[in-house]
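Here's the structure, in structure tokens; my notes come after.
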Amino acid sequence: MARVVVDVMLKPEILDPQGRAVQGALGRLGLTGVADVRLGKQFIITIDGDVAGERLEQLHALAAELLSNPVIENYVLRVEADA
Amino acid sequence: MARVVVDVMLKPEILDPQGRAVQGALGRLGLTGVADVRLGKQFIITIDGDVAGERLEQLHALAAELLSNPVIENYVLRVEADA
Amino acid sequence: MADTVDNAIAGPEATQPFAELGLKPDEYQRIRDILGRRPTSSELAMYSVMWSEHCSYKSSKVHLRQFGEKAPKTDALLVGIGENAGVVDIGDGWAVTFKVESHNHPSYVEPYQGAATGVGGIVRDIMSMGARPIAVMDPLRFGPLDAADTKRVLPGIVAGIGGYGNCLGLPNIGGEVVFDSSYAGNPLVNALCVGAMRHEDIHLASAKGVGNLVILYGARTGGDGIGGVSVLASETFSDGGPTKRPSVQVGDPFMEKLLIEATLDVLGAGLVEGIQDLGGAGISCATSELASNGDGGMHVWLDRVLLRDRSLSPEEILMSESQERMCAVVTPAKLEEFLAKCAKWDVEAVVIGEVNDSGRLTVDWHGERIVDVPPRSVAHDGPVYQRPLHRPSWQDALQADTPDDLLRPVDGEQLRATALNLIGAPNLASKAWITDQYDRYVQGNTILAQPEDAGMVRVDEQTGLGVAVSCDCNGRFAKLDPYTGAQLALAESYRNVSASGAIPLAVTNCLNFGSPEDPEVMWQFAEAVRGLADGCLELGIPVTGGNVSFYNQTGTTAILPTPVVGVLAVIDDVDRRTPISWGPDGELIYLLGDTRDEFAGSEWAHHVHGHLGGMPPRVDLARERLLSEIMIAGSRDGMLTAAHDISDGGLMITLSEMAMHSGIGARCWLPDDIDPFVQLFAESAGRAVVVVPRSEELRFTEMCAARGLPAHRIGVVDSELGADAGYPGQQVLQISDLLTVTIDELRAAHTATLPAILNA
Amino acid sequence: MSPRIGVVTFPGTLDDGDAARAVRFAGGEPVALWHGDADLKSVDAVILPGGFSYGDYLRCGAISRFAPVMTPVITAAGAGMPVLGICNGFQILCESHLLPGALTRNQSMHFICRDQRLRIENTSTAWTNGFAHGQEIVIPLKNGEGNFNADTATLDELEAEGRVIARYVDVNPNGSQRDIAGITNARGNVVGLMPHPEHAIEDLTGPSLDGLVFFSSVLNALVGA
Ligand SMILES: Nc1ncnc2c1ncn2[C@@H]1O[C@H](COP(=O)(O)OP(=O)(O)O)[C@@H](O)[C@H]1O
Ligand SMILES: [Mg+2]
């Protein structure tokens with residue numbers, strides 16, 4: 001069993017209204033010095049067997065095409081210690 | 001400048017329809033052995049100055065009350081190397 | 001290891017946590033008496049959820065009986081009270097079903113999911129009658145608009161209702177939004193759903209036919225909402241927050257959409273003998289009710305239930321309130337076809353039981369018997385309480401504290417300021433910030449939606465047959481006098497649908513009150529039910545279903561008694577609906593009904609003076625009936641181009657809304673026998689404004705005169721008035737020589753209130 | 001024989017019935033297409049209607065893009081068949097790369113349903129040829145993620161080639177760049193539109209009859225072809 005974590009974030013040049021709203025709320029609740037907030041998605045995929053080689057490539061392809069939209073988002077994929 | 005990352009996940013016993021939808025799609029696209037997919041939120045907060053002591057406590061409180069709803073979600077907060 | 005029936009017999013003295021499950025000692029003893037032994041832990045779980053206030057109506061039952069006993073004679077009722085929802089005949093072989101339900105406490109704990117799952121639950125209720133859901137409405141109540149907690153709960157609740165309803169493809173055609181400090185810490189989220197079906201498609205929740213199979217289909221069962229029924233709905237919150245933090249259910253509207261399509265598919269193909277939704281009390285409720293309503297026996301293999309979480313115990317599976325599940329009873333011959341239809345919609349289905357004639361509901365867990373009970377004792381023969389009731393000690397003082405001495409506006413300038421102040425008051429201001437988050441167009445059959453008096457949807461595209469629904473309640477009136485307040489809620493809802501041109505047919509209700517263990521609250525409840533039952537009898541429309549929500553209070557302070565009343569009406573051709581916006585220049589504006597100096601519980605007293613006291617407006621249901629008949633005849637015979645009832649805020653608000661919605665001004669005057677302030681702002685019942693084309697004036701006024709309904713000509717639609725009135729190029733509403741306001745001014749005040757606070 | 005217009009139903013599609021009705025009102029023959037069938041039943045054009053396919057749980061349109069029916073749709077679109085994506089359909093077209101850009105969360109972060117004024121800016125597509133250039137229309141808009149985003153180069157290219165077919169007027173309801181409400185591909189056969197023309201085809205149920213023109217346009221295009 002492996003645990004694959006894929007973080008998906010809007011590209012920096014794309015406006016993130018949710019992040020901005022959170023930034024505003026944090027400020028109103030008294031947190032000072034918040035320069036920026038971005039809100040992204042995190043996928044935690046639990047998968048049987050090993051993740052390497054071709055399987056890893058397949059996961060990268062899916063992260064790039066399905067889990068994120070390359071027009072607006074970037075992704076980071078990491079395989080964590082076996083779950 | 002510090003970078004604070006807050007990952008918010010639905011508690012394990014709570015239904016995650018989004019994760020389920022992704023799991024179904026991964027399967028249809030030929031990825032085998034997917035045992036579970038959970039979809040969470042990731043907040044990346046860039047903040048001026050140091051994050052420690054009281055400020056860190058404040059961040060934890062906000063993560064628990066604003067960024068997540070403790071009734072259905074758990075959060076994990078980590079302070080990353082200065083941004 | 002599961003606690004089996006054999007265990008229970010062998011170890012009769014085991015102590016059981018009945019109190020933690022919300023059962024009183026005498027209730028627990030009754031279970032032992034019924035079974036002749038101690039219950040197994042699974043049986044205890046079933047009884048505890050099914051005997052909770054929410055499922056058993058143990059405190060309200062003795063009062064709700066009146067809805068049946070006093071039901072007016074009607075041919076329209078195809079399925080009456082007691083089923084998942086009542087069904088009403090609307091002609092041409094069509095039937096409709098509608099019902100309103102509360103999701104108050106879950107929405108306070110988790111606003112988005114609480115409200116979303118409220119919509120999901122009521123939609124499944126409607127489906128379980130065999131109907132296709134066609135519209136939803138959402139009566140909502142919050143603490144003061146500017147209260148911090150309102151800013152937490154309101155956006156979440158609205159997003160949840162929209163998120164779920166929009167994703168299901170159900171148009172939202174109306175509702176209510178009321179702000180009052182009594183709802184701070186206890187918002188009310190009521191959800192109403194309407195469904196339509198052909199007569200032959202009506203289905204009931206019963207398990208008939210020995211050998212027939214019981215199928216559980218939809219989402220998998222998980223650990224969410226366990227004990228939600230007994231814990232969430234029977235306990236109140238302490239000041240510091242929820243005393244118990246139950247796991248809230250998360251809704252999956254996409255699954256519900258598939259469930260709707262799959263259900264309609266199997267019903268349409270004639271594959272279903274009986275059907276039941278899973279809501280509160282989950283499998284416990286569905287199996288015991290199906291068995292109790294059917295041939296009386298059922299066996300369930302509980303280990304066959306598809307699980308999301310394999311560590312669940314049988315007790316938990318029985319109690320789980322996982323959303324988006326349904327139960328169907330199917331003959332063995334049709335099983336395969338049923339499963340195939342589910343597969344087409346990607347809906348999982350599994351046979352979990354079989355109908356028999358044992359007279360018992362038996363449940364096995366991996367070959368061991370864990371439940372063996374008479375199903376009726378679980379589903380229908382729960383405890384019934386005649387709770388003590390007591391007219392509140394403060395009621396007389398409240399009624400004696402009339403609004404008569406409140407400072408009233410005395411001249412035109414003050415009246416104008418009052419008008420602009422009230423049109424922007426949170427309770428009267430535009431609710432577009434909320435309703436713009438709801439899809440009102442989907443399905444392409446929405447004829448009227450917000451901000452009309454009633455929502456209206458077309459049921460039959462060929463003939464134009466349609467239904468209208470409104471839901472209303474003024475909790476302040478109900479507090480002043482619950483009997484009258486409930487009748488005023490009924491009257492307003494009845495008036496709203498009638499104004500749209502539809503004929504009222506049936507009533508649903510959602511009775512939101514404080515703790516039934518408080519005799520003063522119980523009195524309010526009893527009075528409201530009596531008022532509503534008497535009112536329905538007099539108006540000739542039966543109550544077909546509803547919902548009771550108790551324990552709505554913060555600390556020991558109960559909410560305003562809030563009996564929300566929904567009225568369903570039919571219109572044979574939606575082309576003849578009457579909207580609230582008036583038409584071209586020259587049309588005549590008529591005020592129907594009598595206006596009295598009635599300000600107790602009014603929006604003026606509340607918003608301007610923060611006052612609540614006195615006796616609510618007088619109710620005259622015979623007059624309401626007459627008014628309704630006149631408005632319906634006016635629509636049918638093409639005598640009316642617009643109509644709008646008069647309620648919160650009085651005549652001035654009604655005229656302002658008509659002007660704003662049509663964007664055309666009008667010159668109005670007031671009958672001179674009554675004080676202008678009273679004429680403009682009193683909230684006397686039984687009134688409406690209607691708009692009559694000149695060509696129909698004689699016919700209309702003669703009809704009113706012949707029937708004895710007071711009709712005053714009070715104005716004329718006039719788009720050119722601006723120049724004369726000193727506002728060149730603008731649309732204005734002019735009231736005699738007392739006051740002139742531009743529609744732009746009204747709109748600015750009307751639309752600014754909610755965004756100013758909610759977007760901040 | 002009137003042209004056959006396919007209307008695709010994905011799990012979670014909501015406005016398929018309305019789209020079919022609009023086709024009928026315009027004089028075409030609606031043909032139901034199922035997401036799981038890789039077969040277009042020899043239709044002459046395809047509509048991807050609005051809704052929440054697969055709940056829109058991942059990104060709007062992201063999962064539908066991989067449905068079996070999309071393979072022939074993509075092929076046919078490449079060969080010049082008229083394809084209209086409305087709302088969720090527009091999102092699916094972008095996710096499928098039949099149209100550039102992406103639709104992101106509304107700037108207000110709320111779902112919004114309103115009667116929206118638009119200006120038609122390209123009247124040479126298969127779906128807009130019945131309008132006058134610059135004509136203003138009012139049709140319902142209802143979306144949670146209708147905020148059109150693309151990089152500057154793409155936006156400039158769309159503008160230069162006149163491929164913005166409709167722009168929001170008065171109010172930009174969702175924050176779309178350059179007030180874009182709809183775009184087309186270079187060939188003018190594939191159109192994506194955020195607001196809902198299928199809800200503006202009848203006096204009784206819509207704010208106008210303006211929506212009908214999109215459907216009569218495609219019939220024109222097909223009969224003329
Ligand atoms: N929560 C809501 N959801 C949908 N529509 C609403 C909601 N609240 C109010 N409305 C609609 O806004 C309009 C004005 O509401 P209200 O003033 O309470 O109407 P009325 O006094 O005629 O009952 C009505 O069309 C009502 O259905
Ligand atoms: Mg009204």
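First the proteins, then the strands, lettered A, B, ... as listed; each starts at 1.
The shortest distance between side-chain heavy atoms of Ser322(C) and Leu15(B) does not fall below 4.5 Å.
Using a 4.5 Å cut-off between non-hydrogen atoms, no part of residues 51-65 of chain B approaches chain C.
In this structure, Ile72(B) CD1 and Gln249(C) CD are separated by 11.0 Å, a value rounded to the nearest 0.5 Å. Between the CZ atom of Phe254(C) and the CD atom of Gln18(B) there is a distance of 12.5 Å, given to the nearest 0.5 Å. Between the CD1 atom in Ile14(B) and the CZ atom in Arg308(C) there is a gap of 8.0 Å [rounded to 0.5 Å].
Proximity to chain B (any heavy atom under 4.5 Å) is shown, for Gln323(C), by neither the backbone nor the side chain.
Between Pro17(B) and Gly251(C), the shortest heavy-atom contact is CG-O, 3.7 Å.
For the ring pair (Phe, Tyr, Trp, His ring centres under 6.0 Å) condition, no pair includes a residue of residues 22-42 of chain B, sequence neighbours left out.
More than 12 heavy atoms of other residues, nucleotides or ligands shown are found within 6.0 angstrom of CZ on Arg38(B).
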